[in-house]
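Working notes for the structure below.
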Amino acid sequence: MKFGGTSVEDTAAIGRTAAIVAGRVALGKQPVVVVSAMAKVTDQLLRAAAAAAEGDRTGALAISSRLRARHRDTAAELVKNAAECAALVDVIDQKFDSLDEILRGLSAILELTPRISDLIVSYGERLSSRMVAAAFCERGIDAAHVDAREVIITDSQFQKAAPQDALIEARAAEKLRPLTARGKVPVMGGFIASNEAGITTTLGRGGSDFTGALVGGALSAEAIEIWTDVDGIMTTDPRICPDALRVKTISFEEAAELAYFGAKVLHPATILPAVKKNIPVLVLNSRNAGCEGTRIMSLAPPCKSPFKSIAVKKKLSIIDVVASRMLMTHGYMKEIFTIFDKHKCAVDMVSTSEVSVSLTVDSNDKLPALAADLGQLADVKYEGRKALICLVGDDIRGRNGMAAQVFNAIRHINVRMISQGASEINMSFMIDEDDADEAVRSLHAAFFTDPDPAIFDVEARKAATSC
Ligand code: ADP
Ligand code: ASP
Ligand code: MG
C-alpha cells in the first residue's frame, strides 16, 4: 500500500491513512506500507538545497526551520501519549539538526552535487515514514518502521537510480517478511534508496509509486495499491478537465503509456515490477476510500470507446536537425542518436523527412551543449515551451477515421509534430504549451460525451449533473 504526499500531508490525512490500513489488517491482510514525504516537502527541501548552494545560508536554514515546525506540530497532534510523542519529536529534531549541518556545509562549499541533493531530499521520506509509523502505533496498528534504504538497493545514478531487483528481493525477504510473518505492519519511505555501499540515492521525482511496486514485486504481493488524491486513473487530468471520468479498468500497457506520456497519477516505472509477476495494480483515493478506483491488469476488458485517457506532458522542446547531406545516405540517424546518447538525453518523439529530423526532449539545461554538438553535423534549431498530447486506447491502429476525428476536434490549434502507428494503443502530437489545456478539453469533449459504461464510471457524472 503506497500513500502519496497528500495522503500524509497533515494529521487528518495520516488519520485517514491509518484507518485504511487498519481496515486491511482487519480483513486478515498483511500490508506493507510505503509513504511519500508530506505534500510539498520534497520541493521545499530542493529549494533549501538550491539556496544553500547559492550561498544563501540564512534562506536555506529558514526553509528547514519552517519544515521542522510543520513536522513537530503534526507529531504533537498525531501522538497523544506523552512519552511516545517526546521520543518522536526527539527523532525529528535529530534529523533536522543533521539536515541543517549539511545545509551549512553546502553554503560554504557552494557546490550541489546530485549525490548531496539526494541526501538532502531523502529527509522528506525519512521523516514522514517515522511519523506515520508512530501514528499507526498510537491508533492500534502494530507498525514497525523500516529504513527504505536498507531494502531498496540501486545503482549509483543519483537522482534517478536504477533498482537492483535481485538485491531488493533478498533484502525484502530479510527485512520485511519476518515482520509481516509476526503480524507487524512495516512502514517505510518511498523514493529513497541506497547503493550497495549504503550511500543514499533516489528513484527520481514521483518515485514512491515505484518503491511501492518494487516492494510488491519483491514480496509477490496479492496487489499493489497506489493511494492518492483522485478516484483513480481518470479520462484526463481532472485539474485540467473537472468533468474527467474514472477509468474502471485499464491494461498494464495502456497505463504504462499514459504514465510515460505525462499522467502524473502514476510514476512510469511502476508498471514493470507488477507486469513481471502479473500483480494487479489498484489506484485508489485516500480521501474517498469507498470508491473502487482503477484496476490495472494484464488484459483489460474490451472497450467500445476508442480512447481510455488523454495524457499531457509539458515543458518539452523540439529540436529540428536539417542537413542536405542526409539525402540518400545511411548511418545519419545513428550519428544523431549517438549525440543524444552522449548527453544522456531521452527522446520522446521523432519525425523525419528527406533532409530533416525533428525530435522532442524534456526541456533541460543540457540543450545548448547538445545543440552545439548536433551543429557539427547539420543546421540545428531548438524551441521550448512545447507540450505533447497523447491519446491512449485499445487498438487505435485498427480503427478507421481516428486521426480525422482527433485533428478535427483540435482544428483551431496548430500541430507541430504527429506520431501514430509506433504503438497500437497510442496517438500523440506536439503543440505549443499555451494551447495544451484547451486541446485536452476539446478532445475530452469530443471523445468522452458518450463513454462505454463498462469501462468508465458514468454514474459519478450522472450524480454530479443531477446535483
Ligand atoms: P501522489 O502525491 O499521491 O503521488 P500525484 O500528485 O503524484 O499524487 O498524482 C496525482 C495527481 O495526478 C492528481 O491530483 C491529478 O491532478 C494528476 N493526474 C494527471 N493525469 C491524471 C489522470 N489521467 N488521472 C488521474 N490523475 C491525473
Ligand atoms: N516525495 C517525492 C516527490 O515529491 C517522491 C514521491 O512523492 O513520489 O517527488
Ligand atoms: Mg506521485
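Each residue takes its place number in the sequence, starting with 1. Whatever order the structure lists them in is the order used to number ligands and atoms, beginning at 1.
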> side-chain contact (heavy atoms from CB on, under 4.5 Å) between V265 and L258: does it pass, once the steps are laid out?
Replying inline: CA-CA 9 Å; V265 65; L258 279 173; over 6 Å; no
> Of all the atoms in ligand 1, which lie at a distance below 4.0 Å from a heavy atom belonging to A263?
Replying inline: 20 (N)
> Counting heavy atoms not belonging to E222, are there more than 12 under 6.0 Å from its CD?
Replying inline: no
> Would Q420 and S428 count as a side-chain contact (heavy atoms from CB on, under 4.5 Å) if you check the C-alpha gap in whole Å, the side-chain angles of each, and the deciding distance to 0.1 Å?
Replying inline: CA-CA 6 Å; Q420 202 232 322; S428 25; over 6 Å; no
>> Taking only non-hydrogen atoms of G207, do any sit less than 4.0 angstrom from ligand 2?
In response: yes
>> Taking 4.0 Å as the limit for heavy-atom contacts, which would you say applies to E125 with ligand 2: side chain only, backbone only, both, or neither?
In response: side chain
> Run the side-chain contact (heavy atoms from CB on, under 4.5 Å) check on I102 and Y123 step by step: do they pass?
Replying inline: CA-CA 11 Å; I102 298 167; Y123 280 87; 3.6 Å; yes
> Does P238 come within less than 4.0 angstrom of ligand 1, counting non-hydrogen atoms of the residue?
Replying inline: yes
> Nearest protein heavy atom to atom 15 (C) of ligand 1, by residue and atom, and its distance?
Replying inline: D237 OD1, 3.3 Å
>> What I want to check is whether the side chains of S286 and T17 have a donor and an acceptor closer together than 3.5 Å.
In response: no
> For K2 and ligand 1, does the shortest N/O to N/O distance drop below 3.5 Å?
Replying inline: yes
>> Give the atom numbers and elements of ligand 2 that come within less than 4.0 Å of a heavy atom of S36.
In response: 6 (C), 7 (O), 8 (O)
> When only distance counts, is S208 in polar contact with ligand 2, meaning an N/O pair under 3.5 Å?
Replying inline: yes
> Does any donor atom in the side chain of Q159 or S117 lie under 3.5 Å from an acceptor atom in the other side chain?
Replying inline: yes
> Heavy atom of G206 under 4.0 Å from ligand 2?
Replying inline: yes
> Looking at R416, K386, K314, which hits salt bridge (charged side-chain N to carboxylate O under 4.0 Å, His left out) with D432?
Replying inline: K386
>> Quick check on H267 - does any of its heavy atoms sit under 4.0 Å from an atom of ligand 1?
In response: no
> Hey, is CZ on R57 packed in by over 12 heavy atoms from elsewhere, all under 6.0 Å?
Replying inline: no
>> Does any N or O of ligand 1 fall below 3.5 Å from an N or O anywhere on D209, backbone included?
In response: no
> Of all the heavy atoms in G232, does at least one lie under 4.0 Å from an atom in ligand 1?
Replying inline: yes
> In Å and rounded to the nearest 0.5 Å, what is the CZ to CG distance from F191 to L203?
Replying inline: 7.5 Å
> When you measure from atom 14 (O) of ligand 1 to each heavy atom in R246, R239, K308, which option holds the nearest one?
Replying inline: R239
>> For atom 23 (N) of ligand 1, what is the closest protein heavy atom, and at what distance to 0.1 Å?
In response: M234 O, 3.2 Å
> Looking only at protein heavy atoms, which one is nearest to atom 11 (C) of ligand 1, and how far off is it?
Replying inline: D229 OD1, 4.0 Å
> Is the closest side-chain donor-acceptor distance between S98 and Q94 under 3.5 Å?
Replying inline: no
>> For the residue pair K313 and Y260, would you count it as a cation-pi contact if the rule is NZ or CZ under 6.0 angstrom from the ring centre and within 45 degrees of the ring axis?
In response: yes
> Where does T236 meet ligand 1, judged by heavy-atom distances below 4.0 Å: at the side chain, the backbone, both, or neither?
Replying inline: backbone
>> Tell me whether T235 has any N or O atom under 3.5 angstrom from an N or O of ligand 1.
In response: no
> Should you measure from each heavy atom of G5, which atoms of ligand 1 turn up under 4.0 Å away?
Replying inline: 2 (O)
> Considering only heavy atoms of I233, which atoms of ligand 1 have at least one such atom less than 4.0 Å away?
Replying inline: 24 (N)
> Short list, please: which atoms of ligand 2 are under 4.0 Å from a heavy atom of R205?
Replying inline: 3 (C), 4 (O), 9 (O)
>> Quick test: of every protein heavy atom, which one is nearest to atom 6 (O) of ligand 1, and how far off is it to 0.1 Å?
In response: K264 NZ, 2.9 Å
>> Quick check: F407 with F429 (ring centres under 6.0 Å apart)?
In response: yes
>> Taking 4.0 Å as the limit for heavy-atom contacts, which would you say applies to V265 with ligand 1: side chain only, backbone only, both, or neither?
In response: both
> Among protein heavy atoms, which sits nearest to atom 8 (O) of ligand 1, and what does the distance come to when rounded to 0.1 Å?
Replying inline: T228 OG1, 3.2 Å
> Can you list the ligand 2 atoms lying under 4.0 Å from a non-hydrogen atom of T42?
Replying inline: 1 (N), 2 (C), 3 (C), 4 (O)
>> Under 3.5 Å, is there a donor on one side chain and an acceptor on the other for T154 and T201?
In response: yes
> Between V187 and V146, is a side-chain contact (heavy atoms from CB on, under 4.5 Å) present by the stated rule, with each step listed?
Replying inline: CA-CA 6 Å; V187 177; V146 173; over 6 Å; no
